[in-house]
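Step one of this worksheet: look at the structure below.
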Number of protein chains: 2
Amino acid sequence: MAGPMQKNPSEFNPGATLMRRLEALSLFSEGGDGVTRCFATKEHHQAAEMIQAWMRDAGMSAHVDAVGNVVGRYEGTAADAPALVIGSHQDTVRQGGKYDGAMGVVVPISCVEHFNNTDQRFPFAIEIIAFCDEEGVRFNSTLLGSRAIAGTFDMAALETTDNDNIAMADALRAFGTEPNDIPSLARSKKDVLAFFELHIEQGPVLEEEGLALGVVTAIAGGTRLSATVTGFAGHAGTVPMDRRRDALTAAAQAILTVETYCSSKPGLVGTVGRISAAPGAVNVIPGKAIFTIDIRAGDDALRRQAVKDVCGEIETLCQQREVDLTIDVIHESDGCQCAPWLMEQLESALIRTQHPAKRLMSGAGHDGMAMAHITDVGMLFVRCKGGISHHPAESITEADADASARAVLHFIQNFEPLNET
Amino acid sequence: MAGPMQKNPSEFNPGATLMRRLEALSLFSEGGDGVTRCFATKEHHQAAEMIQAWMRDAGMSAHVDAVGNVVGRYEGTAADAPALVIGSHQDTVRQGGKYDGAMGVVVPISCVEHFNNTDQRFPFAIEIIAFCDEEGVRFNSTLLGSRAIAGTFDMAALETTDNDNIAMADALRAFGTEPNDIPSLARSKKDVLAFFELHIEQGPVLEEEGLALGVVTAIAGGTRLSATVTGFAGHAGTVPMDRRRDALTAAAQAILTVETYCSSKPGLVGTVGRISAAPGAVNVIPGKAIFTIDIRAGDDALRRQAVKDVCGEIETLCQQREVDLTIDVIHESDGCQCAPWLMEQLESALIRTQHPAKRLMSGAGHDGMAMAHITDVGMLFVRCKGGISHHPAESITEADADASARAVLHFIQNFEPLNET
């Protein structure tokens, strides 16, 4: 188990302690490969107990709120000061890693512990929240904890059931909280100065550029489409090339259209992750092809234009090939811009801790998307090995954990709320 | 049931009779949609009885040979004259149509019946063979009947078993033949002047050109490949476009390479009929894509060059995309050229019966591929509706059946063996 942080302010090197704490948290897992810690489970309860203990060791008050968030508070110089809220999520995907979410909880706790040990207190309070459920594995309903804090929690979600037919409300009561109190968790805007989250990148950009840290510009919005191309099946030997209405060659052209378009615009990504061709025999020209398209961008207008343009290009190529096309939107979420003033302060923290001020987009979703409803959002990414996440092989280095903690420490120490700048 | 053919030679219009006979044969089916008549079954036996009856009505001797072929012979002006062998197959795919195979049996019988009724006899004998098994549905071993006649029957195939674990040898004995006698079926080259087959096109060319009949130039050879592209899976949101090693976009480019290359060379067809991407989630960049390639041409050199060129292009694009590629050959068969002298005589028959002398390739396999081992091969295709075959919807018109019979009649009447021309 982790020991207390060092008291000497010039020697804030919590990397080894952070790695031990991350390892300790990972033990609260359902079993099997990797870490599986779902919302309102025994493992969630165990993790919450440990996180509260670390918070209290760091000089914070700590409690578990009605939705299952662990909330710690380090008071400012005045009582009831508005808070810089910092946090990430305690839950994981099934067979996930040790760092996704957990890192954004243990690192700020180490910073507050350092402030407490060195008698530093600020004009603002620091709140650290370990959100109960960002991944949404158990009830297929993401961002439960941050939505509760932001006042956008949908109380109807309490009726949803998990695979064992347990309703969310019952799961929370078994966990030890009263779900009817969730509406009272909503914060007022005046009490929150900003929301900040530290998270592993879950992508390869920082590693490939040899950087430990990067400032997030936006959490991408996304559109997911399902496309069906209907041509005409035929004998692979008897139908000449110029008489075919091959659904799969049309789909192939569509896949390259997605790739080419999305490669041509910075900040845009587009992926075809699933495809099938029917009837699916080696010697039969496909009469039908079904595939998905996932398009994301930090800039919603860029994404919407991309969806329109890509669908238009695919429509045109299908007309030219005399095959039919239907495209359905199966998911759509708007992006979340990080606040420029927070990005600037995070960049200052990177520069002061000897890191280039790299900016990058988050293609994955985060609790900031919910918190943006009540406050400005900033995020810092930490390099992860091979860009691998949501996998037991998820990995970071102790040196990067250490570097991230120092950057967060500087960010908090020099934090200036927007209305004071 | 079909009545006797008309005796007046100027009025050879057997279309209606042919359609009735094809309908009658189609009733010998396992049941379910379409026609299912497999090798060495009760339905095969029933069909063989009916075909022999028609042959005898046409003035032929008829018997079922050791492998299950129905063999009819119409003697020439001299006893034991070498024969023009004409035939097609009695069997069908599962839930196939009424015309694939059967048409090439009933049409030449109608011609011989006409010769018999009008006292026409030729310097050559006419043999009509309803081959036992071209499709290979029951034992997954095609061209059994024609291979026996050509002397290339593999006796080891008798040991193979069907889905009910019945060995082919036992199936033939239950059917009523002695499989050990199969080697004696092999014909010597001097006894066979040529092999001719009438068959439905199984493709759309004749219908789209408004033609009832066409002379086949070659039965295509084919190469089937299985390609596996291995890239690197990743989060669809977090991996920038220029850092991806997407297996599916590489596969899409490969699919278009097959299409473009095969469209650029007359006589070549190329098809990707199956594809899968793994892990296959809408929000995950595919790390692996597996697909098939089927390339066919009447000209083996053209096909081999195409396989080499297409594989080379795919190898290059995979190298450029930094993804790995493996390609395996899963099937390869050489093509069968139709004999120019037979093509010319068939064209003369078309012209004499008021049809343009259309030539086209057969992309599907036929018994001629086996018969080519002992004699020259010629084929005539009949238009089928929508190019649809191997399907209950397989369809021809009575007018086309009639026209095909008149063309075959003229072909036989004017047939001149190669060594006499």
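As the structure is a prediction and not an experimental result, all values here were calculated from the model. In what follows, chains carry the letters A, B, and so on, assigned in the order in which the sequence lines appear, proteins first and then strands, with residues in each chain numbered from 1.
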Between T228(B) and T230(B), is there a side-chain heavy-atom distance shorter than 4.5 Å? yes
Measure distances from I295(B) to the heavy atoms of chain A and classify the residue's part below 4.5 Å as side chain, backbone, both or neither. neither
Using the rule given for ring-ring contact (aromatic ring centres under 6.0 Å, His included), can you reason through H89(B) versus H199(B), listing the C-alpha separation, both sets of side-chain angles and the distance that settles it, and then say yes or no? CA-CA 10 Å; H89(B) 56 98; H199(B) 203 283; 5.7 Å; yes
Evaluate the criterion salt bridge (Lys or Arg N to Asp or Glu O under 4.0 Å) for residue pair E209(B) and K358(B); output intermediate values, then yes/no. CA-CA 10 Å; E209(B) 298 193 11; K358(B) 168 70 182 173; 3.2 Å; yes
Using side-chain contact (heavy atoms from CB on, under 4.5 Å), reason through V229(A) and F291(A) one step at a time and then give a plain yes or no. CA-CA 9 Å; V229(A) 179; F291(A) 58 98; 3.9 Å; yes
Within residues 242-253 of chain A, the residues sitting under 4.5 Å from chain B by heavy atom, in sequence order, are R243(A), R244(A), L248(A), T249(A), A252(A), Q253(A)
Residues of residues 379-386 of chain A near chain B, each having a heavy atom less than 4.5 Å away: G386(A)
Between I290(A) and K288(A), does a side-chain contact (heavy atoms from CB on, under 4.5 Å) hold up when you go through it step by step? CA-CA 7 Å; I290(A) 302 176; K288(A) 183 171 283 199; 4.3 Å; yes
Under the salt bridge (Lys or Arg N to Asp or Glu O under 4.0 Å) test, which residues partner D299(B), sequence neighbours left out? none
So, for F232(A) and I388(B), which heavy atoms are closest and what is the spacing to 0.1 Å? CZ-CD1, 4.4 Å
Neighbour count above 12 (heavy atom, 6.0 Å) for R224(B) CZ: yes
Can you check side-chain contact (heavy atoms from CB on, under 4.5 Å) on I200(A) and I396(A), steps first, answer last? CA-CA 8 Å; I200(A) 60 166; I396(A) 63 163; 3.7 Å; yes
Could you have a look at V282(B), L268(B), T292(B), V239(B) and say which one has the most heavy-atom pairs with chain A under 4.5 angstrom? V282(B)
Flag the one option from G270(A), C262(A), G222(A), G387(A) with the top tally of heavy-atom pairs under 4.5 Å to chain B. G270(A)
If I measure from the heavy atoms of chain B, does A281(A) come under 4.5 Å with its side chain, its backbone, both, or neither? backbone
For each of I330(B), I285(B), N283(B), tally heavy-atom pairs with chain A at distances under 4.5 Å, and name the one with the top tally. N283(B)
Checking L360(A) against chain B: side chain, backbone, both or neither under 4.5 Å from a heavy atom? neither
Ring pair (Phe, Tyr, Trp, His ring centres under 6.0 Å) partners of Y99(A), counting only residues at least two apart: none
If I compare all heavy atoms of A297(A) with all of R303(A), which pair ends up nearest, and what's the gap? CB-CB, 3.8 Å
Would you indicate whether the side-chain heavy atoms of H235(A) and V284(A) approach each other to under 4.5 Å? no
So which residue, V205(B), I293(B), L225(B), T238(B), ends up with the most heavy-atom pairs under 4.5 Å with chain A? T238(B)
T223(B) and E332(B): side-chain donor and acceptor closer than 3.5 Å? yes
When only pairs under 4.5 Å are counted, which of A277(A), G203(A), A236(A) shares the most heavy-atom pairs with chain B? A236(A)
At a 4.5 Å cut-off on heavy atoms, which part of V272(A) comes close to chain B: side chain, backbone, both, or neither? both
When only pairs under 4.5 Å are counted, which of A254(A), P240(A), P266(A), S276(A) shares the most heavy-atom pairs with chain B? P240(A)
Before giving the answer on side-chain contact (heavy atoms from CB on, under 4.5 Å), spell out for D334(A) and R304(A) the whole-Å C-alpha distance, their side-chain angles and the decisive distance to 0.1 Å. CA-CA 10 Å; D334(A) 280 349; R304(A) 289 196 192 99; 2.8 Å; yes
